[in-house]
Amino acid sequence: MDKTDHIGYRMRYFNRCMKRLVDQKNREREETYGMSMTDGWILRYLHEHEGEEVFQKNIETDLHIKKSALTQQLNEMEAHGLIRRSISKHDSRYKCISRTDKALEIHQQIMDEIEEHEKLMRKGIDEEDLAVFSRVLDHMIQNISEEPERRQ
């Protein structure tokens, strides 16, 4: 069997192609908006918790970022106009973190890019084949993510 017939080899190649595509978009975004990958994670977190009071401690805990690193990251994001800090409505000792309009615009751009990537990957593949691929991929993920004693 040729190594290019191995699923792992092909998956690795696919992953590298996707990484190149995504990395290029991230570089462009960083040059245009001064936004890092970690900024993106934080903005996504804020999007997922829209309408809630989000504090620095929430982000530290849920995204596993050290307090000192996150403080610096949030200061930079605030300087770039991506987030704002405001006093909590429930406890004036705390500051809430929220996205700015600029961050909302960038978030929409990222969602549009994800949609473009999806369209590119799906191009020329009918829905039946995609459904089979999805089921097979889920099964493979389950196979390799199970505990070693359960694989046998």
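Every heavy atom of this structure was used, including side-chain atoms; hydrogens, water molecules and symmetry mates were not.
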| task | Could I get the full list of side chain to side chain contact (heavy atoms under 4.5 Å, CB included) partners for E115, not counting sequence neighbours? | result | K119
| task | Check step by step if side-chain hydrogen bond (donor to acceptor under 3.5 Å, both in side chains) holds for R29 and N26. | result | CA-CA 5 Å; R29 196 173 306 107; N26 286 337; 2.8 Å; yes
| Distance (rounded to the nearest 0.5 Å) between I97 CD1 and L82 CG | 12.5 Å
| Side-chain touch I110/L43, heavy atoms, less than 4.5 angstrom | no
| field | Pair S98-E53, side-chain hydrogen bond (donor to acceptor under 3.5 Å, both in side chains): steps then yes or no | value | CA-CA 8 Å; S98 59; E53 286 195 337; over 6 Å; no
| field | Heavy-atom donor-acceptor pair, S88 side chain to C96 backbone, under 3.5 Å | value | no
| remark: Contacts of Q108 meeting side chain to side chain contact (heavy atoms under 4.5 Å, CB included) (sequence neighbours excluded), chain-then-number -> M111, D112
| task | Check the surroundings of atom CD in E128: do more than 12 heavy atoms from other residues, nucleotides or ligands lie under 6.0 Å from it? | result | no
| query | So, do N58 and H49 sit near enough that their side-chain heavy atoms are less than 4.5 Å apart? | reply | no
| field | Worked check of side-chain hydrogen bond (donor to acceptor under 3.5 Å, both in side chains) between Q109 and E105 | value | CA-CA 6 Å; Q109 178 187 347; E105 179 184 314; over 6 Å; no
| Are the side chains of M11 and H6 in touch, meaning some heavy atoms are under 4.5 Å apart? | no
| note | Applying side chain to side chain contact (heavy atoms under 4.5 Å, CB included) to E31 and not counting sequence neighbours gives none
| task | Please tell me if the side chains of R12 and N15 come closer than 4.5 Å, counting only heavy atoms from C-beta onward. | result | no
| Pairs touching residues 77-127 that satisfy ring-ring contact (aromatic ring centres under 6.0 Å, His included), sequence neighbours left out | H47-H107, F55-Y94
| message | Test: ring-ring contact (aromatic ring centres under 6.0 Å, His included). Region: residues 118-139. Which pairs qualify, not counting sequence neighbours? | response | none
| said: Assess whether a salt bridge exists between R85 and E78, defined as any Lys/Arg side-chain N lying under 4.0 Å from an Asp/Glu carboxylate O. | reply: yes
Side-chain donor-acceptor contacts of residues 59-68 below 3.5 Å, not counting sequence neighbours, with atom names and distances?
from	atom 1	to	atom 2	distance (Å)
E60	OE2	Q56	NE2	3.4
T61	OG1	K57	O	2.9
D62	OD2	Y45	OH	2.5

| query | Do the side chain of N75 and the main chain of Q72 share a donor and acceptor less than 3.5 angstrom apart? | reply | no
